[in-house]
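Just below is one structure, and these are the notes that go with it.
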There are 2 protein chains.
Amino acid sequence: MVCKNFEQNYKQEMRAVQDSMDVLSGKWKISILSSICFYNKRRFSDILADIDGISNKMLSKELKELEVNKLVKRTVLDTQPVTVQYELTKHGLSLKTIIKELTDWGIRHRKEIIGK
Amino acid sequence: MVCKNFEQNYKQEMRAVQDSMDVLSGKWKISILSSICFYNKRRFSDILADIDGISNKMLSKELKELEVNKLVKRTVLDTQPVTVQYELTKHGLSLKTIIKELTDWGIRHRKEIIGK
DNA sequence: CAGGATCCTATACGATACTG
DNA sequence: CAGTATCGTATAGGATCCTG
């Protein structure tokens, strides 16, 4: 039998995990974070080139969401024409472990499903 | 300057992380996994009750996908009427760390955005 | 270069009713 | 109980073109 506090905790954990997924799910978010993280600072057009198949519309939209969620910082550089640089915030960097583990798990998963 | 092998690796990591997200993203997957994981074994109707807002259609659909991806195991119990039990496979259990970290990060994220 | 606007399709998801 | 079927809406995402 499971006690009340236990169940209470469990509900909170469910909510927390949902919160994370709300921010991270979607087809491109993690790839975008990976790209920026890998290069430390990265311009719009570079990210666009890094990620196979993404459209400028989606990149723009996702970057905005990531910015709202304080995961990336956007800096307009004073160049001609204008370039925009993205980098991870401290909060964004705190995702590094998770991204790493998702990477490892993804490799294992591919083996599990296709390989063997 | 970033060398070729480095970039090669990076592309593979991007693919791996995408593979993971393909399996885990969606509104309900992680909640379902959490529910089953928390109770070890869990019946369809119990999971349905655990997760606030999910419809039986979605639960059924998501469980099928999780089964195809070898994350959960489905067992029909010989009762009257029939009950069906779900549990995590070994592969499914290997997500435990990630789920834990997503939970912790979700809590921190909520503080970052709303709280302080 | 960095995006916004527009148009379009596919899928995700919800609600409800039904069945073995 | 554990789904399936059906119908409907909303959102995600793609393609293309446009602008400061």
Side-chain angles (χ1 to χ4, degrees), chain A residues 14-15 17-36 39 41-69 71-88, chain B residues 14-15 17-36 39 41-69 71-88:
Chain A
M14 296 268 278
R15 197 196 59 181
V17 103
Q18 274 308 118
D19 285 347
S20 297
M21 293 307 283
D22 283 351
V23 177
L24 300 178
S25 76
K27 197 167 173 184
W28 305 113
K29 296 262 174 58
I30 301 259
S31 301
I32 295 170
L33 293 171
S34 298
S35 164
I36 301 173
Y39 292 101
K41 300 177 182 205
R42 201 73 175 149
R43 286 180 314 151
F44 187 89
S45 54
D46 291 329
I47 305 175
L48 200 58
D50 286 341
I51 302 173
D52 228 48
I54 195 171
S55 66
N56 59 346
K57 189 187 83 174
M58 283 312 289
L59 179 56
S60 168
K61 187 191 148 207
E62 302 285 62
L63 279 171
K64 256 185 210 161
E65 289 184 33
L66 294 173
E67 210 189 335
V68 168
N69 281 306
L71 298 180
V72 308
K73 185 180 161 222
R74 177 178 181 274
T75 315
V76 179
L77 300 181
D78 191 17
T79 54
Q80 189 57 305
V82 168
T83 53
V84 178
Q85 192 174 72
Y86 291 90
E87 57 196 307
L88 296 192
Chain B
M14 296 269 277
R15 198 196 58 182
V17 103
Q18 274 308 116
D19 285 347
S20 296
M21 293 309 282
D22 283 351
V23 177
L24 300 178
S25 77
K27 197 168 173 184
W28 306 112
K29 297 264 173 59
I30 301 259
S31 301
I32 295 170
L33 292 171
S34 298
S35 164
I36 301 174
Y39 292 102
K41 301 178 184 204
R42 201 73 175 151
R43 286 180 314 150
F44 187 89
S45 54
D46 291 329
I47 305 174
L48 199 59
D50 286 341
I51 303 172
D52 228 47
I54 195 169
S55 65
N56 58 348
K57 190 188 82 174
M58 283 311 290
L59 179 55
S60 168
K61 187 192 148 207
E62 302 285 63
L63 279 170
K64 259 184 208 161
E65 290 184 32
L66 293 174
E67 210 189 336
V68 168
N69 281 306
L71 298 179
V72 307
K73 186 180 160 222
R74 178 179 181 273
T75 316
V76 180
L77 299 180
D78 190 18
T79 54
Q80 189 56 305
V82 167
T83 54
V84 178
Q85 192 175 71
Y86 291 91
E87 56 195 308
L88 297 192

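By convention in this document, chain letters (A, B, ...) are assigned in the order of the sequence lines, proteins followed by strands, and residues within each chain are numbered from 1. The figures here come from the full heavy-atom set of this structure, side chains too, leaving out hydrogens, waters and symmetry mates. None of the values given here were measured: they were computed from a predicted structure.
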Yes or no on side chain to side chain contact (heavy atoms under 4.5 Å, CB included) for L33(A) and L24(A), after CA distance, side-chain angles and deciding distance?
-> CA-CA 9 Å; L33(A) 293 171; L24(A) 300 178; 4.1 Å; yes
Pair L63(B)-F44(B), side chain to side chain contact (heavy atoms under 4.5 Å, CB included): steps then yes or no | CA-CA 9 Å; L63(B) 279 170; F44(B) 187 89; 3.8 Å; yes
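Proximity of a side-chain donor or acceptor of S34(A) to a complementary backbone N or O of I30(A) within less than 3.5 Å is detected.
Here the closest heavy-atom approach between residue E87(A) and residue T75(A) is recorded as OE2-OG1, 3.8 Å. The two atoms that bring V82(B) and V84(B) nearest to each other are CG1-CG2, 4.3 Å, heavy atoms only.
Of the inter-residue distances, the one linking I36(B) atom CD1 with Q85(B) atom CD reads 10.0 Å to the nearest 0.5 angstrom.
For K64(A), there are no side-chain contact (heavy atoms from CB on, under 4.5 Å) partners two or more places apart in sequence or in a different chain. Residues that satisfy the side-chain hydrogen bond (donor to acceptor under 3.5 Å, both in side chains) test with T83(B), not counting sequence neighbours, are T79(B). A search for side-chain hydrogen bond (donor to acceptor under 3.5 Å, both in side chains) contacts involving S55(A) returns nothing, not counting sequence neighbours. For D46(B), the side-chain hydrogen bond (donor to acceptor under 3.5 Å, both in side chains) partners at least two apart in sequence or on another chain are R43(B). Remark: V68(A) pairs with no residue by the side-chain contact (heavy atoms from CB on, under 4.5 Å) rule, at least two apart or across chains.
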Nucleic acid footprint by protein, nucleotides 10-18 of chain C - heavy-atom cut-off 4.0 Å, B for base, S for sugar-phosphate alone = --SBBBBB-
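The salt bridge (charged side-chain N to carboxylate O under 4.0 Å, His left out) analysis of residues 49-58 of chain A, with sequence neighbours excluded, yields the pairs R42(A)-D50(A). Sorted by first and then second residue, the side-chain hydrogen bond (donor to acceptor under 3.5 Å, both in side chains) pairs with a member in residues 19-33 of chain A read D19(A)-R110(B), K29(A)-E65(A), S31(A)-Q18(B); sequence neighbours excluded.
Here the range on DNA chain D touched by chain A, meaning any atom under 4.0 Å from one of its heavy atoms, is dA12(D) to dC17(D).
One finds a side-chain N or O of Y86(A) lying less than 4.0 angstrom from the OP1 or OP2 phosphate oxygen of dG3(C).
When the P atom of dA2(C) is taken as reference, atom NZ of K64(A) falls 15 Å away, rounded to whole Å.
Overall, the helix from dC1(C)-dG20(D) to dG20(C)-dC1(D) carries an axis bend of 50° between its ends, with five pairs at each end and the value rounded to 10°.
Near DNA chain D, meaning a heavy atom under 4.0 Å from it, residues 75-85 of chain A has no residue at all.
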